Each structure stands twice: as C-alpha cells, then as structure tokens.
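This report concerns only the one structure given below.
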Number of protein chains: 2
Amino acid sequence: MTTTVEPVLHESRAYTAHDHTTCINSALERATVICQEKGQRLTALRKQVLELVWQSHKPVGAYDVLAMLSKGQERPAAPPTVYRALDFLLEQGLIHRIASLNAFIGCSCPDTPHAGVFLICEKCRTTRELDSHDNIQNLKNAADSTGFKTSKTLIEISGLCPCCQEEASDE
Amino acid sequence: MTTTVEPVLHESRAYTAHDHTTCINSALERATVICQEKGQRLTALRKQVLELVWQSHKPVGAYDVLAMLSKGQERPAAPPTVYRALDFLLEQGLIHRIASLNAFIGCSCPDTPHAGVFLICEKCRTTRELDSHDNIQNLKNAADSTGFKTSKTLIEISGLCPCCQEEASDE
DNA sequence: TCAAGAATGTTATATTATATCCTTCCACAT
DNA sequence: ATGTGGAAGGATATAATATAACATTCTTGA
Ligand SMILES: [Zn+2]
Ligand SMILES: [Zn+2]
Ligand SMILES: [Zn+2]
Ligand SMILES: [Zn+2]
C-alpha cells in the first residue's frame, strides 16, 4: 500500500500566470484531509478563512479577511472571529504568519509542520515559501552552539521577485 | 595610522551579571561618534531614546520608551516623538527592530550596517544579537538562486537562553 | 436526552503605529 | 547680526492590529 503524498505545490508558480483556483482547491482539500487525520475540526468558518487567505499568493491581513468575510453579510463579523480561526490554522500548520507585514499566508506544504523561509516582494508583495531546511538547520546549529536552545525560527527575506525585477529594468 | 575599531561588545554578557552602565555608556559614545562621522544629528531626544532602549538587553516597546520618557515630565510625550526618534536610530543602524515582538533593541555593533540574527529568550526575553554573517549569506544565496533579489533579511530565533534552561532543569 | 466542552457571537478595550498640521530650532548665507 | 530654509519636535487625531471577557450556540458522546 503506497499512499503517495501529493506532490508539493510548486510555489514558483506564485510568480507566473496560473489557474489559481487549483491552488485554492488543492489547499482546501489538503487541509480537510490533514484535519481529519489529526481529529481536528475544520469547521465551515475555518475553511472559509483558509480559503480567503488563499485568495492570492500575497500575505493577507486579519482585517482584510474580516472585510471579505463580512462582505454581503447582514451583520459583519468581529475581529475575534477571524483571529480565532487564524490561530487555529496557524496551530494546524495550514497557514504562516508574516511578522514583518502583520499578515498571513497559506502554507504551500502543510503536511509536516515546519518553519518557513519567506521571500517577500517589496513591490507586488507576492510571497513565496522557500524550502530551506538546510539553511534553517545551519542557523539553529549556530544558535544552539552558543548555548541557546532554539524552539522557533522566523526568517523573512524582502526584495524583488523575478517579475518585478524585469519591470524595473524596463523603465 | 591605525585607528583600530573598538572591540565589539561581547553580547554574551547579556546573559550574565555585569556592569550594565558600561554597555549603555559605550553605546552612547559610539553612537555619538558614528553620527558625527556621518554628519547626522544625534539630538538630545534621540540620545535619550537610545539610552532608554539600552536600559536592558531585552527588546523594548515604543510605548515603554514613551512611558519612560514621559516619567516625571509635566507634559507627557506623544507617540510620534518616540517613533520618529526610533526611526532615526533604525536608519543609522543604532538599534534594530524585533518584528516578532514589535519592539526595539540596541545594536551591539553599529559601526557597519548589517542584518541581525537575534536569539530571543521566550522566558526572560533577553535577546542577543548573533554575528552570523555566513548564515545570512547562505540564505541570501539560496533566495537569489531562485531569481529573487534580496534586499533585506529578517531572522529571529526564539527559544531558551542558557540561564533559563538551567532554571527549567532545576525544577 | 442530556451534559460538557468546543466553537462562535458580541461588546469593549488594549496595543502598536501613522497622518497632519503647527511651532521651534539650527545651520548657513547674506 | 539677521533673515531664511529645512530639519526636528510638539500636539491632536486617528488608523491598524490584536486581545479580554462573557454570552450563546453547536457538537459529541455518555
Ligand atoms: Zn496560485
Ligand atoms: Zn514582485
Ligand atoms: Zn549590558
Ligand atoms: Zn532567558
């Protein structure tokens, strides 16, 4: 029995035109399975928030989610509603928080918990999650070799994505 | 002519008992020289804010600075006063911002601008700046090899400092 | 069917940060 | 020495992000 893990989303697609509904659907399906396996409840609200976070490959603020969630509703949602859902998704490893932007982004490979390395475009905000296990490990080693005991690493790299570099050189 | 650079503050002292006034005075003197050399104005206010940020080896919030600054004043300072001073100090590389804590900490080697790697104790909040040029370079290389153009790196490592590890094992 | 706990709703407030406009100060040229 | 322009700081208001506390509803399993 070989239940092969779904191939990891190629995050580089974040930079190119693509059928983004595939990204969303894939993320939602995967989240459903992951929560089932862990006995966690991916409620309608949580799923909806996850979907909203996945509306783009750019980090989304909690209040953006709140606004989208409330759109067309008779009674708009309140902040705790969104923050609680985001907290749940963070705990399950389904999204990451981008501290430098106070924003959230869907995790592109949520199957195993991990610290992310994020490449954040300063121009278009498109953010790609890099698989940099080795670099993280090296950092941890450097930290721990000083007597520190690492529990979490936060790495956010700002700069220009390939597309925005091109545009810059066009001028 | 060999105007040797002052030895870098040994940041590991952050974890041990030490004469902290030395840290503060050294930071202030160094800042004075650096600003002179760059033709920047380290005004009384800015110097005072820098001193307040340096009151400990823990990141300090802007509103903490604000409170300390206002203490005993007839009329308390307003947020922009502090944020402007902090912005100046950030620009001059005299302090760093810790995004995961929304707080600021004095830079332990401000002579040359650099991205920091911070070891943040989750228990006592003591934060040490690590000199990890190689690790940062590796990360940059990893990022740039994907076509990204890095301009800034943000690395914050949370965990337990040596002291707090000992205390934890005492129980 | 009921009880316990999880999830969500609701209201209020805390915390962090910025916009805007006005006044004061300082370096420099006249 | 005096005026001038720009930088710095004061003051007021408000934006943006996040949480506390408590009430209600929903789910699940005994
Ligand atoms: Zn996509
Ligand atoms: Zn871009
Ligand atoms: Zn010290
Ligand atoms: Zn500690």
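We use all heavy atoms of the structure for the numbers below, so side chains are in, but hydrogens, waters and symmetry mates are not. Predicted model, so just to flag it, every value in this text is computed and none were measured. In what follows, chains are A, B, ... by sequence order, proteins preceding strands, each numbered from 1.
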task = Evaluate the ring planes of A:Tyr83 and A:Tyr63, with Trp represented by its six-membered ring, and classify them as parallel (under 30°), tilted (30 to 60°) or perpendicular (over 60°).
result = perpendicular
request  = Could you check how far CG of A:Asp64 sits from P of D:dA15, rounded to whole Å?
outcome  = 16 Å
inquiry  = Please report the distance, rounded to the nearest Å, between CD in A:Glu74 and C1' in C:dT10.
reply    = 15 Å
Nucleotide C:dA7, atom P - distance to CG of A:Leu89 in whole Å = 12 Å
request  = Take the protein atom CG of A:Leu86 and the nucleotide atom C1' of C:dT8, then report the distance between them rounded to whole Å.
outcome  = 14 Å
task = Would you mind classifying the nucleic acid contact of B:Arg75 as base, sugar-phosphate or nothing, using non-hydrogen atoms under 4.0 angstrom?
result = sugar-phosphate
ask   = Nearest-Å distance, CG (B:Leu66) to P (D:dA11)?
value = 12 Å
query = For D:dG9, does OP1 or OP2 lie under 4.0 Å from any side-chain N or O of B:Thr81?
reply = no
query = Can you check whether B:Thr43 has a side-chain N or O nearer than 4.0 Å to OP1 or OP2 of D:dG9?
reply = yes
remark   = Side-chain atoms of B:Pro80 come closest, of D:dT19, C:dT8, C:dT18, to C:dT18
message = Between C1' on D:dA8 and CD on B:Gln92, what's the gap in Å once rounded to a whole number?
response = 14 Å
key: Earlier contact from the 5' end, DNA chain D, for A:Pro79 and B:Ala78   = B:Ala78
query = Does C:dT18 have OP1 or OP2 sitting under 4.0 Å from an N or O in the side chain of B:Tyr83?
reply = no
query = Do A:Ile155 and B:Glu156 come close enough that some side-chain heavy atom pair is under 4.5 Å?
reply = no
request  = Could you tell me the separation between the CG atom of B:Leu42 and the P atom of C:dC26, rounded to a whole number of Å?
outcome  = 14 Å
request  = With DNA chain C as reference, determine whether B:Arg84 or B:Arg41 sits nearer its 5' end, using the nearest nucleotide of each.
outcome  = B:Arg84
request  = Could you check how far CD of A:Gln73 sits from P of C:dT10, rounded to whole Å?
outcome  = 11 Å
key: Distance below 4.0 Å between B:Asn102 side-chain N/O and C:dA17 OP1 or OP2   = yes
key: Result of checking B:Arg13, B:His18, B:Glu129 against B:His57 for side chain to side chain donor-acceptor pair (under 3.5 Å)   = B:His18
inquiry  = Determine whether A:Lys149 and A:Asp144 satisfy the following criterion, salt bridge (charged side-chain N to carboxylate O under 4.0 Å, His left out), listing intermediate values before the conclusion.
reply    = CA-CA 5 Å; A:Lys149 190 173 170 189; A:Asp144 293 358; over 6 Å; no
query = In terms of side-chain heavy atoms, does A:Thr22 have a donor or acceptor partner in A:Asn25 at a distance below 3.5 Å?
reply = no
query = Does the aromatic ring of A:Tyr63 sit over the six-membered base ring of D:dT17, closer than 5.5 Å centre to centre and tilted less than 30°?
reply = yes
